[in-house]
Structures are given as C-alpha cells and as structure tokens.
Participant: 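A single structure is presented below for examination.
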2 protein chains.
Amino acid sequence: MKRLPPLKALQAFEAAGRHLSFSAAAAELHVTPGAISQQVRQLEDSLGMRLFRRLNRAIELTDAGRLILPPVSRGFNQFNDALTLLQQYRSAGPLTITAPASLVSNWLIPRLQRFKADYPDIDVRIDTSNRLVDFIHEDIDVGVRFGDGEYPDLDSTHLFSYELIPVCAPQLMRQGPGLREISDLARYTLLHGDYRDLDAAFPDWTMWLKVVGAEDIEAERGIFFSQADQLFQAVVDGQGVGLLANVMAEPEIAAGRLVQPFAISLPVRMSYHVVTSPAKASWPRVRAFRDWVLAESAGLRTRGRTLSDESGRRD
Amino acid sequence: MKRLPPLKALQAFEAAGRHLSFSAAAAELHVTPGAISQQVRQLEDSLGMRLFRRLNRAIELTDAGRLILPPVSRGFNQFNDALTLLQQYRSAGPLTITAPASLVSNWLIPRLQRFKADYPDIDVRIDTSNRLVDFIHEDIDVGVRFGDGEYPDLDSTHLFSYELIPVCAPQLMRQGPGLREISDLARYTLLHGDYRDLDAAFPDWTMWLKVVGAEDIEAERGIFFSQADQLFQAVVDGQGVGLLANVMAEPEIAAGRLVQPFAISLPVRMSYHVVTSPAKASWPRVRAFRDWVLAESAGLRTRGRTLSDESGRRD
DNA sequence: CTTTTCACTTTAGTTTTTCTAATATGAAAG
DNA sequence: CTTTCATATTAGAAAAACTAAAGTGAAAAG
C-alpha cells in the first residue's frame, strides 16, 4: 500500500470537485471556505500538481483533477457503503437495554408490550444490572440508570424524578387504630428501607416526619429492610406504613392495592435517566426507545405535594 | 454524503484488519503501535461498536469488523488507483527543466543528447530563466539554480561549485608578449565580467591578483562586460585574458579553444544546485534527471588549485 | 461608470487531533 | 520461573485543522 496524501485534504478535494465550489464543499463538510481552500492547496502541494484552476469567482478542474476525481469519489462512496452495512448489521440483532431490576419488573415490563406494539420490528433484550456497563464493549444499546445524572462520556436524559411517598395497604387504614392525622402515625408500625449505601443523604422517615413538623413522633421504630422488594412486600401485606418510591407505589395506588394516607412526598436528589453512548444516541432504534420511554414516563406524576412544594409555599 | 468517521482512524483500522496485527499496521503506516491502538479505539467509539476482539497477543475481527473491512479496503484501493492514474498522467507530458540560459547553452544542451539516449521515453522541455519559478504552479518539474543553496520549501542538491579561472585564446599565448609568469599579465588586456548584481563579494581580477600575491599589477585595466556571453566571446576572440566560470571554460579548454595560463582559480561562495519541489523529488523522471545531471557534473573537475587549496597549504 | 456582491485567498492564532515515549498487562514460549 | 511478545494506557509534545478577519479581483447591479 503506497503512501497516501492527507485524507482530509482528499475529502475536501472530493467535495469541492463534486460541487465545483469551495463554499458548497465547506457547507457540506461543516467547515469554513478557508479551510477547504487550505486543504485543497495542501493536497496540490503534496501531489505537486494543480487540481483546480481558480477563475474569478468560480473554479474548474484541471486535467489532473478531472482524472482523479472519479476514483477518489468512488473511494468515499465505499466508505459510505461500509457505514450503511454497519447500520443494517446493527438493526439486525435485538435492542439491548439495561436497567435496575426493580424498575424493570415494576415499571418497564408492564409497558413493554406497548413498545412492541409500536415497534414490532425491534426485538428487545433486557439486562438487569446496576453496574454502569460499558456501553460499547458490553454491547448494550441503551440503559436506564438511577443516579445524579452525571455520567461522563455518556449521553443522558432525565427520565423521571424519584420521590418517596408514604403508603400502606388499604385494609390497614380500615382495621388499624385510624390514620387521618399525621400524629396517628405514632400508633402504626413504620417500615424502613435501607438506602444508606446509595447516598448518605437519602431521605427516610426521620426526614419525612421532620418535614411535616411531626418531630415528636419517634422515627426509628418499626422494621428495617435491606432489599427494596422486601419492603414493598411488607407494605402490600399490610405490615405497616412505608416510604416507597413513586415508581413502585404509583401502579399499586392506581390499582387500589395501596393507599397514600398523606399527600406529602420526599423528593430525592438522584433520579432516573435514560443513558446511552454518544455514538449510539442517533441510532434510529435507540432514539425510538428513548423517545418512547420518555413519553411513557410523562404519565408518572406526583400525587401530592413534594418537599420542594412545601418549602416553596413556606417562603 | 453522510458524515464519515475520522479518516485516519479508518485507515488504521484498514491496515490493522488487513494484517490482523496492530504492530504490522503501525509499521506500514510509519507510526507506533500505540497510535494504531488509539485510532482503532477512536473508530470503535465513533461507530459505537467493537471492530476487533483483543486476544492475548493477537487480535481478530468481530462480525462488524469483518463486515466493513472489505468496503473500507476497496475505498483505500480507489485512492491508490487515483494516485497511479496521476503518475501515468505525469509521465505523459515533457519533463520541464528550468536553468540559467548560460548554463543551458554551454553545459546542458551539449550533453542533453546523452540524457535522451539513456531515457528515450522522457521528452524534455527547457525553460531558461533566472526566476525562482513556482515549481508547482508554473508546471516546472526540476531546475538548476545558481545561488547559495538556501531555497526555502524546495529540495536542493549541490551540483557543482563555481570557480573563476583565468583563460585566454591559445593564439594570445603565442602571439602576445608572452605569458609565463604572473607578472606578464601586466602587459595583457584584462577582460572583466560584471557580477556585482549577483553578490557584492563576487570575486574578480582584483581578488585573483591579490590571492596570487601580484597586487602590484593594476587590476582595473581592460574591458568590462555586463553580459557573461559578451565576456566569453571576447576571451574566445583573443581580446585579452578573462576570468571565466569553470562551467563555461572547461569545455573550451578541453577542446583546445582556450588555454588556462595559470592553474589558480577562485572559488565562489555560490554554486549550482539541482532544485525541485519536495512533492516532485520522488517522481521517477525527476529522479532520473537529477541523478543523471549529478553524474554528468562529476566529470567537471577543477584543473588547477583553487583559492581554498592555496589557503589550505599555507596554513 | 461606480458600487456592490460574490467566491476564493491569505494570515495569524487557537483548537483539535495525532503521535510518541514510557510504562503496564497478561499470556505464551523458552 | 523468566523472558518475550503484542496490545493497552497515559501524559505530554508535536502536528494538523480550523476559524475569524481582512484581502483580492472580477462580474453584476445600479
């Protein structure tokens, strides 16, 4: 393989030769006309030959330029063909999605059939993990991640915020000592999740009671769960009143399997984000999924006031 | 035309894919293996896809890599084809040479037939000018220039040095007052060229007489010529003793048309150089001419001692 | 005519990309 | 084991590309 001239310069020449205009080439390549002028000159210098004849306000190819334009164009067309092949290859396999297990089972799976209805050609493979997988090397196309939205080298879009809302089983409201005032909570078992490993500032009953001004109620009572699933199950079973994530609680409330005694929820600094590698962000199937999941999330709205609503009104 | 990935990265991928080795690709492209590694990674990132599977001490193409290698290779082959076309185009027209008129008529033309004999396929066009022509834009392939060898942006090789040697017509030696000792010069007409526009330090009779220790002879006598041709003609005509350039004098001395009464010549700071644009320096026909002209010049040797010889022996 | 406009050119300086050198890694070969 | 070999990784240096702004010169417009 013999030594090639600078490839950028070849590209500038090809575009300029095709348009017979430096300005048009510049527009196509998203650079200034000056850049094209310099690149073409550089190519001419490196070949030791003029490729364009500069006229007053136009250019035309010299014999040498006219001679090599076709093969050079064919070369770039081959590159385009290669890209097209890749795109087809990409569309062939399943769309691989990674998301936290809890979100997958409580939120994603229930509505995935709607996605399949909208995009019957896209097969979906779901990878449940909390690792920040390498989106290129582990062959993951798009993910949902819970965090602060700072994902270096990744494209991320806020999906929905995370709030803790107090919920309990409906029969607990009826059978228990009565749950109308916040002070009534003192006579109920509090169900706690242990989120400390996620974020030291993650809100809990202590904070919720403080926010509603019921610091006299002891927060540290009740049962602690290390798994979100266990906490969820305990709440559904009517073992007490728990603070559940909006994502998990919403469908249950809507279905009547849980009730929300007090319309005050705690917003959490971290939230859910749709995440993908920049290179894949423009893939049609990735955009399709991202847009779909964002549209779906628009249905998830806070039922009551959040902490920030409260503080907003108190100012 | 859709947006292409970085072309250098494509090139690195192509070479690596062809050799199935980053090191071999690095050698081919004259870079370090690290550079290839980075370029391939950059391409993978920009495509959002792995192209190579890294094994212990080898690499292999992934499906995606295997898919796009052929069209990418074809693309680069097209570029090579374009270069080959250009080379053929170049070999078609005449080899255009530029050289000072005096050198052309006295030195180049007489031996050009030998060049034509060696390279019958190369037609030669000679441009006699002293301008430092633009070697790309004026369509000049190679030139001979007289100067100090400092030609920015040009490739130059020393051809032969320039010396002024005292010569006269043979009949002047016989018919005149006698020319055996340097002091005899006092009775001869001195023929001068006017080289002051070339270089203020250009040597002349004054300097020659000083070098040989004959400062008592008045140097400013005789006839001054502004054109080298006129001086040459006057010397040949036997009008006096002149200082002629070795290039002009040598053939005449060899032919017996001139004699060199004293074997002391004056070296000149400036000399002849074969000059070409870097881009054209590797063209076969340009190299052929350059090598030929250098070989021819090897025949041109100083007959007597030069000033530097003298000063060397006196130290 | 004179003025404006249009496309390319030129230059200096900034930004981006590419490369090297040095070091690391990890598995196979000796 | 130890060495060797091919690739990976990093920081920093070197080279290339690009922009912005001013320039040129001829056709088009007035």
Side-chain angles (χ1 to χ4, degrees), chain A residues 3-47 49-62 65 69 76 134 136-138 152-153 278-279, chain B residues 3-47 49-62 65 76 79 134 136-138 152-153 278-279:
Chain A
R3 203 163 199 141
L4 292 175
L7 298 171
K8 278 271 170 84
L10 263 192
Q11 191 179 25
F13 161 71
E14 197 273 340
R18 191 154 29 79
H19 294 293
L20 284 179
S21 154
F22 284 8
S23 320
E28 176 178 313
L29 300 179
H30 309 291
V31 294
T32 56
I36 300 293
S37 178
Q38 293 177 78
Q39 292 289 349
V40 169
R41 157 99 40 118
Q42 191 198 338
L43 181 62
E44 290 177 326
D45 285 357
S46 106
L47 297 175
M49 204 148 238
R50 272 196 299 184
L51 300 171
F52 290 105
R53 203 166 293 116
R54 276 77 166 171
L55 307 179
N56 59 322
R57 61 205 290 183
I59 53 172
E60 63 182 37
L61 287 162
T62 60
L69 180 59
F76 284 108
D134 179 329
I136 293 172
H137 293 97
E138 295 203 23
D153 304 325
Chain B
R3 204 163 198 141
L4 293 175
L7 298 172
K8 279 272 172 83
L10 263 193
Q11 191 178 27
F13 161 71
E14 197 273 342
R18 189 154 31 78
H19 293 292
L20 284 179
S21 153
F22 284 8
S23 320
E28 177 177 312
L29 300 179
H30 309 290
V31 295
T32 55
I36 300 294
S37 177
Q38 294 176 71
Q39 292 288 354
V40 169
R41 157 107 42 115
Q42 190 199 337
L43 181 63
E44 290 177 325
D45 286 356
S46 107
L47 297 175
M49 205 148 238
R50 269 197 300 183
L51 300 172
F52 289 105
R53 203 167 295 115
R54 276 78 166 171
L55 308 178
N56 61 320
R57 61 206 289 185
I59 54 173
E60 64 183 35
L61 287 162
T62 60
F76 284 106
F79 294 162
D134 180 329
I136 292 171
H137 292 95
E138 294 200 25
D153 305 324

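No hydrogens, no waters, no symmetry mates; every other heavy atom, side chains included, goes into these values.
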Participant: Looking at B:I59 and B:S21, what are the two nearest heavy atoms and their distance?
Facilitator: CD1-N, 3.6 Å
Participant: Does B:T62 have any side chain to side chain contact (heavy atoms under 4.5 Å, CB included) partners at least two apart in sequence or in another chain, and if so, which?
Facilitator: B:R50, B:R53, B:A64
Participant: In this structure, how many angstroms lie between the P atom of D:dA28 and the CG atom of A:L55, rounded?
Facilitator: 13 Å
Participant: Atom CZ of B:R54 and atom C1' of D:dC5: how far apart are they, to the nearest Å?
Facilitator: 17 Å
Participant: Measure CG/B:L7 against C1'/D:dA16 and give the value in whole Å, please.
Facilitator: 14 Å
Participant: What orientation do A:F76 and B:F79 show, parallel under 30°, tilted 30 to 60°, or perpendicular over 60°?
Facilitator: tilted
Participant: Using the heavy-atom set of chain A and a strict 4.0 Å cut-off, write down the first and last nucleotide of DNA chain C that makes it in, 5' to 3'.
Facilitator: C:dT5 to C:dT11
Participant: Which residues in residues 11-26 of chain A have at least one heavy atom lying under 4.0 Å from any atom of DNA chain C?
Facilitator: A:S21, A:F22, A:S23
Participant: Quick check on DNA chain C: between B:P33 and A:A35, whose nearest nucleotide comes earlier from the 5' end?
Facilitator: A:A35
Participant: Please report the distance, rounded to the nearest Å, between NE2 in A:H30 and C1' in D:dT19.
Facilitator: 16 Å
Participant: Could you pull out every donor-acceptor pair under 3.5 Å between side chains of residues 35-43 of chain B and any protein atom, sequence neighbours left out?
Facilitator:
from	atom 1	to	atom 2	distance (Å)
B:Q38	NE2	B:G34	O	3.4

Participant: How many angstroms lie between atom CG of A:L61 and atom CG of A:L51, to the nearest 0.5 angstrom?
Facilitator: 8.0 Å
Participant: Taking only heavy atoms on the protein side, list every residue of residues 36-43 of chain B lying under 4.0 Å from any atom of DNA chain C, sorted numerically.
Facilitator: B:Q38, B:Q39, B:Q42
Participant: Taking NZ from A:K8 and P from D:dT19, how many angstroms apart are they, rounded to a whole number?
Facilitator: 10 Å
Participant: Name each donor-acceptor pair under 3.5 Å that joins a side chain in residues 4-14 of chain B to protein atoms two or more places apart or in another chain, with its distance.
Facilitator:
from	atom 1	to	atom 2	distance (Å)
B:E14	OE1	B:R18	NE	3.4
B:E14	OE1	B:R18	NH2	2.8
B:E14	OE2	B:R18	NE	3.0
B:E14	OE2	B:S73	OG	2.5

Participant: If every non-hydrogen atom of B:F52 is compared with every non-hydrogen atom of B:G17, which pair is closest and at what distance?
Facilitator: CZ-N, 3.6 Å
Participant: From CG of B:D45 over to P of D:dA8, roughly how many Å is that when rounded to an integer?
Facilitator: 12 Å
Participant: If you compare all heavy atoms of B:S46 against all heavy atoms of A:A279, which two are closest, and at what distance to 0.1 Å?
Facilitator: O-CB, 3.6 Å
